[in-house]
A.B. asks: 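Could you have a look at this structure, given as structure tokens, before my questions?
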Amino acid sequence: MPQSRFALAFALFISWPIAFVSAQTAASQAYTPAAGACPEGFSLVRMAGSSPDNQTLSASESSYLQSRKTQVLPQAWKSYLTNVQAAGVTLPDYVASILEGNSTETPTLGIATSGGGYRAAIFGAGVLNALDGRNASSVKAGIGGLLQSATYLSGLSGGSWLLTSLAQADFPIIQELAFGPASPSTSNNSWGGWLAQYNIFAPNDDPVTDAEYLTDLVDELKGKYDAGYVVTFADFWARALARHFANGTTLSNFFDESYTHGAGILWSEVANTSSFASYSIPFPIVVVDLDASNQNESEIISGDFVPLTNPIMEFNVFEMGSYDPMLSAFAQTKYLGTTNTSICITGYDQSSFVAGSSSELYNEYNLTDILNSTLGPELSLIESILPQTGVELDVASWPNPFYGVAPDTFIDSNQKNLNLVDGGEDGEVIPLQPLLVKARGVDVIVAIDATSDVNNFADGSSLIATQNRTSLYPTAYSFPPVPTSLGEFTAQNLSTRPTFFGCNTTDTNASTPLLIYLANGGPPHNGEAPLTNTSTAQISYEASEIQAMLDQVLVIATQGYPANTSETTDPEWPACLACAVVDRARSRAGVERSGVCESCFGRYCWDGSTLSAAVATGSASSRANVHFGALGGVVVTLMSVMMIMM
Ligand SMILES: *[C@@H]1O[C@H](CO)[C@@H](O)[C@H](O)[C@H]1NC(C)=O
Ligand SMILES: *[C@@H]1O[C@H](CO)[C@@H](O)[C@H](O)[C@H]1NC(C)=O
Ligand SMILES: *[C@@H]1O[C@H](CO)[C@@H](O)[C@H](O)[C@H]1NC(C)=O
Ligand SMILES: *[C@@H]1O[C@H](CO)[C@@H](O)[C@H](O)[C@H]1NC(C)=O
Ligand SMILES: *[C@@H]1O[C@H](CO)[C@@H](O)[C@H](O)[C@H]1NC(C)=O
Ligand SMILES: *[C@@H]1O[C@H](CO)[C@@H](O)[C@H](O)[C@H]1NC(C)=O
Ligand SMILES: *[C@@H]1O[C@H](CO)[C@@H](O)[C@H](O)[C@H]1NC(C)=O
Ligand SMILES: *[C@@H]1O[C@H](CO)[C@@H](O)[C@H](O)[C@H]1NC(C)=O
Ligand SMILES: *[C@@H]1O[C@H](CO)[C@@H](O)[C@H](O)[C@H]1NC(C)=O
Ligand SMILES: *[C@@H]1O[C@H](CO)[C@@H](O)[C@H](O)[C@H]1NC(C)=O
Ligand SMILES: *[C@@H]1O[C@H](CO)[C@@H](O)[C@H](O)[C@H]1NC(C)=O
Ligand SMILES: *[C@@H]1O[C@H](CO)[C@@H](O)[C@H](O)[C@H]1NC(C)=O
């Protein structure tokens, strides 16, 4: 039987426990939470209000938003407007007036970037790059500057890799995020790039080095384990992700265990980066799902793993919790791990563990069976080196700050630990929920969808799941109407061109945001061969491949939806995008839609039409093979590796 180098590495890995007699590494120490006395007046939980009348944001978030709104956004919107105007299409006066700050109404923009492993991280990065006022090509294309004007930026799974790396690295340009700075700093803890050329699980050509590497990862969990915390596969996963999505690793120190490799970089610490401290970055939010022990399995969408009725959790840099009405409670991110008001834990909220939780889909495999195959070696090793009883090893375990909270409605109120899993496991692979929270007042959302639905392109399923879920909580959430079946999405090409949903406010609640849907739904219209539908299972990329993908995403994000089918780019797209961005503010200001905005809306809005039953029922078949919106393929890869080995 052929022996792959992965297989050899894993074989060596299993026979490596000797390493554990060694002293704790720098990374192991930095990954270990610390316990200390709680600050005076500490409260464990903030009740956020379960009804739109009494819902509140944290004081820290409100203060951030207020400062950003007064000190940063006015200039950001003006710069964006300048770029739109330079594209040469005459805008109605109200668009300029709103963006120039002459109107009392201004837009509140959120951007959501989906799951889908590295593909989604790269596609999402490409769209952010296309909206980035620091990129000359994006400025020239007339859509640059919108990123700087956003209030919120949410991500899950692969999108959380993008979001956490971007925020903790101090909001660099995308070229620097993906490839590292031109002259990397020699400091121990600075940004070194995604280093995607190194495979997440098998970074070296030499199986002995890879086995050592995997063993080091388990070794790095020893401090947390010794301190008495639950340690699972998600921690192992987090330590691997930290080499790619947290400060502290460069090409030259990748295998050097004297470095901390992102251990000790905390999600709450993003608040101390200079871009956050100057309110220059959209407020970042990571979405995760909760895998609850008593969950209602009949609320799981076929092919998915988490019921739509479980609360969706978010990690922002100040708080973790859920605005879903069944919980409506938050705990401070900096003190996660804490379960009472006397002893406070810090250092639990490792940035890589937040990203690792958001992309923790290993629960999709029945652990009982898994021990025999897929992740067996790592799990067995974790079990033998770090023995724990009654611990579910295939989820991310966080001490539950909400123990005893909302006992009648919160499904995990009686659980000591929260089992967090991939944010896309309920079928909503675009992290829209935090942007629909009414107290946030988001009125326009750019939804970036790089889910793997069909052929590793997105087909709109995630929006249908969000529509289904929000309809269960009509008081808490207003979501614009989207088709009820995939057949309608496909037949109307809604994922192969930018589509606006919720254009008509008359038929909906005024607090319903307008959704600008930009999917990775196919190759660009200019005839280029597709580069952006890579498999979710691909966990290494050469720099040249990422660059080619980013370049193609720039084409996709700037092409629009030409009125004339002989054109590949819509010259009105920059104007149409601006029309959508200001539309809710326009409506609040009591101005009629006019000028180019009218024809834009005619072309870009989903018209709400439904198709014949025959077309609409085309949905079921394509849903069957869609899952792994997030990262499932990785496990499949490991599984085939292990099968070769056995
Ligand atoms: C908010 O209102 C709901 C419904 O009236 C009530 O049950 C809840 O206790 C209130 N929460 C807070 C924090 O005021
Ligand atoms: C906005 O106000 C400024 C200053 O009063 C003025 O110069 C500009 O023309 C106004 N813009 C629009 C679109 O009304
Ligand atoms: C990460 O490194 C960058 C510089 O490369 C720095 O600006 C940023 O503050 C660092 N982030 C953290 C959380 O230490
Ligand atoms: C890097 O920093 C950590 C503490 O942040 C320290 O323990 C470690 O020794 C440093 N490593 C090097 C190579 O400087
Ligand atoms: C941020 O920096 C301040 C001052 O340097 C420090 O007191 C605080 O603990 C830091 N916060 C975090 C979350 O690291
Ligand atoms: C579980 O979900 C099903 C389907 O929606 C529903 O009929 C049932 O009442 C739910 N069960 C519980 C215990 O909530
Ligand atoms: C508070 O939490 C700490 C750390 O988890 C624990 O050691 C301590 O026993 C707890 N105290 C109480 C009163 O529950
Ligand atoms: C997991 O596998 C075991 C053994 O095959 C089986 O008994 C159990 O029902 C499975 N659990 C789930 C949730 O499929
Ligand atoms: C693992 O596989 C062996 C051999 O096929 C079998 O005897 C055993 O029951 C399996 N264990 C579990 C936990 O499924
Ligand atoms: C949405 O709900 C409809 C109606 O209950 C159901 O047929 C469909 O399968 C659901 N789809 C998703 C993706 O949730
Ligand atoms: C702008 O984006 C394009 C497309 O990816 C890229 O080739 C170019 O280097 C970027 N420019 C800057 C200044 O980041
Ligand atoms: C929205 O309004 C336009 C006319 O302004 C109409 O053509 C279109 O059908 C409406 N769409 C929906 C979804 O109601």
Side-chain angles (χ1 to χ4, degrees), residues 30 122-141 143-145 147 164-194 242 245-250 260-278 280-281 284 292-302 306-310 317 326 333-334 347 349-352 354-355 408-409 411 468-469 471-473 524 528 531-532 543-558:
I122 295 165
F123 186 84
V127 175
L128 298 190
N129 180 49
L131 301 177
D132 194 330
R134 297 171 293 185
N135 187 304
S137 311
S138 311
V139 167
K140 188 154 172 278
I143 67 173
L147 174 62
T164 57
S165 59
L166 184 70
Q168 66 85 52
D170 200 15
F171 200 31
I173 58 171
I174 294 300
Q175 292 290 126
E176 188 172 323
L177 182 73
F179 309 116
S183 38
S185 155
T186 53
S187 116
N188 195 349
N189 247 353
S190 62
W191 179 242
W194 281 349
F245 305 112
N247 279 7
T249 302
T250 58
T260 49
H261 296 295
I265 300 273
L266 306 179
W267 186 230
S268 56
E269 217 184 315
V270 166
N272 270 3
T273 58
S274 61
S275 57
F276 194 94
S278 59
S280 333
I281 179 171
S293 42
N294 302 315
Q295 64 199 18
N296 189 342
E297 305 284 332
S298 41
E299 291 286 358
I300 297 179
I301 297 173
S302 165
V306 170
L308 284 177
T309 45
N310 281 12
V317 304
M326 54 282 211
T333 302
K334 181 179 174 184
D349 65 311
Q350 306 269 329
S351 180
S352 58
V354 171
D408 297 335
T409 52
I411 192 165
N468 281 11
R469 186 174 198 270
S471 71
L472 299 174
Y473 308 105
E528 284 177 22
L531 299 175
T532 58
S544 55
E545 184 173 11
I546 296 183
Q547 186 67 68
M549 289 170 76
L550 291 174
D551 293 351
Q552 185 164 88
V553 180
L554 186 72
V555 176
I556 291 170
T558 55

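Both counts, for ligands and for their atoms, begin at 1 and track the order of listing.
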A.B. asks: Evaluate the side-chain contact (heavy atoms from CB on, under 4.5 Å) criterion for residues L550 and Q175: first the C-alpha distance (whole Å), next the side-chain angles of each, then the deciding distance (0.1 Å), finally the verdict.
C.D. replies: CA-CA 9 Å; L550 291 174; Q175 292 290 126; 4.1 Å; yes
A.B. asks: Considering non-hydrogen atoms only, spot the tightest contact between G262 and A246 and give its length.
C.D. replies: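 Minimum heavy-atom separation between G262 and A246: CA-CB, 4.0 Å.
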A.B. asks: In ligand 11, which numbered atoms sit nearer than 4.0 Å to a non-hydrogen atom of L550?
C.D. replies: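 Near L550, meaning under 4.0 Å from one of its heavy atoms, ligand 11 has 5 (O).
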A.B. asks: N/O to N/O below 3.5 Å, does that happen between D551 and ligand 11?
C.D. replies: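 N/O-N/O distance below 3.5 Å exists for this pair.
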A.B. asks: Are any non-hydrogen protein atoms located under 4.0 Å from atom 5 (O) of ligand 6?
C.D. replies: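 Neighbour list for atom 5 (O) of ligand 6 includes protein heavy atoms (cut-off 4.0 Å).
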A.B. asks: Is there at least one protein heavy-atom neighbour under 4.0 Å from atom 11 (N) of ligand 6?
C.D. replies: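 Protein heavy atoms within 4.0 Å of atom 11 (N) of ligand 6 - there is at least one.
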A.B. asks: Give, for atom CG of L147 and atom CG of L131, the distance between the pair rounded to the nearest 0.5 Å.
C.D. replies: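 L147 atom CG to L131 atom CG measures 6.5 Å (nearest 0.5 Å).
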A.B. asks: Ligand 3 and W191, any nitrogen or oxygen pair closer than 3.5 angstrom?
C.D. replies: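 Among all N and O atoms of W191, at least one is under 3.5 Å from an N or O of ligand 3.
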A.B. asks: Could you tell me whether N247 and ligand 3 have an N or O pair separated by under 3.5 Å?
C.D. replies: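 Yes: some nitrogen or oxygen of N247 is under 3.5 Å from one in ligand 3.
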A.B. asks: Report, in ascending order of atom number, the atoms of ligand 11 lying under 4.0 Å from any heavy atom of N135.
C.D. replies: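 Near N135, meaning under 4.0 Å from one of its heavy atoms, ligand 11 has 1 (C), 2 (O), 3 (C), 8 (C), 10 (C), 11 (N), 12 (C), 14 (O).
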A.B. asks: List ligand 11 atoms under 4.0 Å from N129, heavy atoms only on the residue side.
C.D. replies: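 Checking each atom against N129, I get 1 (C), 2 (O), 3 (C), 4 (C), 5 (O).
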A.B. asks: Give a yes or no on whether the backbone of V306 and the side-chain of Q295 come within a donor-acceptor separation of less than 3.5 Å.
C.D. replies: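 Flag not set: sc Q295 to bb V306 has no pair under 3.5 Å.
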A.B. asks: Rounded to the nearest 0.5 Å, what separation is found between the OG1 atom of T249 and the CG atom of N188?
C.D. replies: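 T249 atom OG1 to N188 atom CG measures 9.5 Å (nearest 0.5 Å).
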A.B. asks: Give a yes-or-no answer on whether the side chains of S268 and D349 include a donor-acceptor pair shorter than 3.5 Å.
C.D. replies: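 The criterion, which ignores hydrogens and geometry beyond distance, is satisfied for D349 and S268.
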A.B. asks: Heavy-atom contacts with Q175 under 4.0 Å: which atoms of ligand 11 show up? List them by number with element.
C.D. replies: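 Here the atoms of ligand 11 in question are 5 (O), 6 (C), 9 (O), 14 (O).
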A.B. asks: Against heavy atoms of S298, which atoms of ligand 6 measure under 4.0 Å?
C.D. replies: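 So the atoms of ligand 6 that pass are 1 (C), 2 (O), 3 (C), 4 (C).
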